[in-house]
Amino acid sequence: MLNLLDYTLDELQSWMKENNEPAFRAKQVFSWIYKKVYNFNDMNNIPKSLKERLENSFIIDMPKIERVYESSIDGTKKILLAFKDGNLIECVLMKYKHGNSICISTQVGCRMGCKFCASTLGGRIRNLTAGEILSEIMVAQDYLGERVSNIVLMGSGEPLDNYDNVVKFLELVNAEYGLNIGQRHITLSTCGIVPKIYELADLELSVTLAISLHAFSDEKRREIMPIAKKYSISEILEACEYYINKTGRRITFEYSLVAGVNDGKEDAKSLSKLVKGMLCHVNLIPVNEIKENTLKRPSKKNILEFEEILKDNGIEVTVRREMGTDINAACGQLRRSYLEENR
């Protein structure tokens, strides 16, 4: 059965025509879905014959909430979702003054192998479809009872390793007939799959591109990120310049600070030289400690010193505000602990 959430309006209109139905029925069906009506029989302006045909051709595949953790510190909610095939993913809801933000997954697991990330420990199980990625937001909004206004593709999985589905998701989530969330409110994070950065740039979207950099040299980057063996930092930076020129959008460089690995003063100076002059912003992320490795977060003093050196060199920088620290809100942690509990 086909998941109707994977369809664009154009695709459903084509299906209607192929089945001798007027094209306007497609918009009627989508209007019901985005009003949270997921049963074809409850769509009361749709003819019975079409309802039966839809019932025989499609499912509206909404994942089930398996578990929710809520932070007692800041109200961040971590939601574990189960799909019909038994696979689990997670998303994180964060409340800010400017609105609700959601961090979503694009794959079940991940095959990139970054040492600081829990979602990659079991490898990649499968890609999520465009509709499945979209359904994370729909379920989260239903649970919250409020609209989500900002999206970060920074949960489990590498978005550019699931390129076609992610690009289609960006079209679906931005569509006026759907959730209608503007591209400028969406950030896509990648560890640096260079050819796909060029492909994404050529689409000339208004999405913010975030690069998981985490080191200033290829040698240091290879220690913590296997992708660095395939694509050098210079190749990534060239692709970033191309993205900036094509879209006019500022790049964000994500930099996980790991004690004794990449958090020294010389690291900060070298990082400053590397990105100086680019239309960019550096987001410093004190590493999330996970039991499966020995990586440790730096002291507060080291974090502040690192930030100050970047500022002194004219680099726009922030230290990421940590949300949900009491509920292991970093990507992959909830899914992994749940699977271990239920083995």
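- Using a cutoff of 4.0 Å between basic side-chain nitrogens and carboxylate oxygens, K220 and E223 are not scored as salt-bridged.
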Less than 3.5 Å apart, which donor and acceptor atoms pair up between the side chains of residues 14-21 and the rest of the protein, not counting sequence neighbours?
{"residue": "S14", "atom": "OG", "partner": "D10", "partner atom": "O", "Å": "3.1"}
{"residue": "N19", "atom": "ND2", "partner": "W15", "partner atom": "O", "Å": "2.8"}
{"residue": "E21", "atom": "OE2", "partner": "R53", "partner atom": "NH1", "Å": "2.9"}

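- Distance alone, capped at 3.5 Å, is enough to place a donor-acceptor pair between the N3 side chain and the D61 backbone.
- Considering only heavy atoms from C-beta on, L279 stays 4.5 Å or farther from I251 through its side chain.
- No donor-acceptor distance shorter than 3.5 angstrom exists from the side chain of Y38 to the backbone of M62, with no hydrogens or angles considered.
- Put simply, the side chain of R147 gets close to the backbone of L179: a donor and an acceptor are under 3.5 Å apart.
- Between D263 and P298, the shortest heavy-atom distance links the atoms OD2-CB, 3.4 Å.
- Within the 4.5 Å cutoff, the side chain of L88 has no heavy atoms near those of the V108 side chain.
- Remark: Y243 OH to I197 CD1 distance equals 9.5 Å, nearest 0.5 Å.
- Residues I193 and Y231 come closest through the heavy atom pair CA-CE1, 3.9 Å.
- When E146, Q141, K77 are each tested for a side-chain hydrogen bond (donor to acceptor under 3.5 Å, both in side chains) with N100, only one passes: E146.
- Among all heavy-atom pairs drawn from S149 and H98, the shortest one is OG-O, 4.0 Å.
- To the nearest 0.5 Å, atoms OG (S299) and CG (L304) are separated by 8.5 Å.
- Of the possible polar contacts, none joining the N283 side chain to the T252 backbone as a donor-acceptor pair under 3.5 Å is found.
- Closest approach of C191 to M112, counting heavy atoms only: SG-SD, 3.6 Å.
- Looking only at distances, a side-chain donor or acceptor of K51 sits under 3.5 Å from a matching main-chain atom of N41.
- With salt bridges taken as basic N to acidic carboxylate O contacts below 4.0 Å, one links E199 and K196.
- In the hydrophobic clustering of ILVMFWY residues, with side-chain heavy atoms under 4.5 Å counting as a link, I79 and F83 come out together.
- At least one side-chain heavy atom of R184 sits less than 4.5 Å from a side-chain heavy atom of R249.
- In this structure, I211 and C240 have side chains that are in contact, with non-hydrogen atoms separated by less than 4.5 Å.
- Within the model, atoms CG of L134 and CD1 of I151 stand 8.0 Å from one another, a figure rounded to the nearest 0.5 Å.
- Within a 6.0 Å sphere centred on NZ of K273, heavy atoms belonging to other residues, nucleotides or ligands number 12 at most.
- At distances below 3.5 Å, at least one donor-acceptor pair connects side-chain atoms of S105 with backbone N or O atoms of E90.
- In this structure, a donor-acceptor pair under 3.5 Å is absent between the side chains of N127 and N165.
- Counting heavy atoms from C-beta outward, L213 and L271 have side chains that approach closer than 4.5 Å.
- The closest side-chain donor-acceptor pair between H281 and T318 falls under 3.5 angstrom.
- Closest non-hydrogen pair, L12 versus F30, comes out as CD2-CE1, 3.7 Å.
- Judged purely by atom type and a 3.5 angstrom limit, N262 uses its side chain to pair as donor or acceptor with the backbone of V258.
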When you look at T106 and E158, which way does the side chain to side chain donor-acceptor pair (under 3.5 Å) test go after all the steps? CA-CA 7 Å; T106 54; E158 161 57 56; over 6 Å; no
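- The pair K301-E305 counts as a salt bridge, with a side-chain nitrogen and a carboxylate oxygen less than 4.0 angstrom apart.
- When the side chains of ILVMFWY residues are joined at heavy-atom separations under 4.5 Å, either directly or via intervening members, I285 and V319 end up in two distinct hydrophobic clusters.
- Alongside I309, the hydrophobic cluster contains no other residue (criterion: ILVMFWY side chains under 4.5 Å).
- Here the CZ atom belonging to F169 is positioned 10.0 Å from the CG atom belonging to N174, to the nearest 0.5 angstrom.
- T129 and D6 share a side-chain donor-acceptor pair at under 3.5 Å.
- Side chain to side chain, Q107 and N162 fail the donor-acceptor criterion of an N or O pair below 3.5 Å.
- Annotation: the span from S101 atom OG to I186 atom CD1 amounts to 11.5 Å, rounded to 0.5 Å.
- Between D74 and Y96, the closest side-chain pair of non-hydrogen atoms is not below 4.5 Å.
- In this structure, P226 and C114 approach most closely via the heavy-atom pair CD-N, 4.0 Å.
- Residues Y163 and L200 form a side-chain contact, since some pair of their non-hydrogen atoms from C-beta on lies under 4.5 Å apart.
- A distance-only check finds no donor-acceptor pair linking the side chain of E254 to the backbone of A210 [under 3.5 Å].
- Hydrophobic clustering places I133 together with Y143 (ILVMFWY residues linked when any side-chain heavy atoms are closer than 4.5 Å, directly or through intermediates).
- L310 has its side chain out of reach of Y255: every pair of non-hydrogen atoms, C-beta onward, lies at least 4.5 Å apart.
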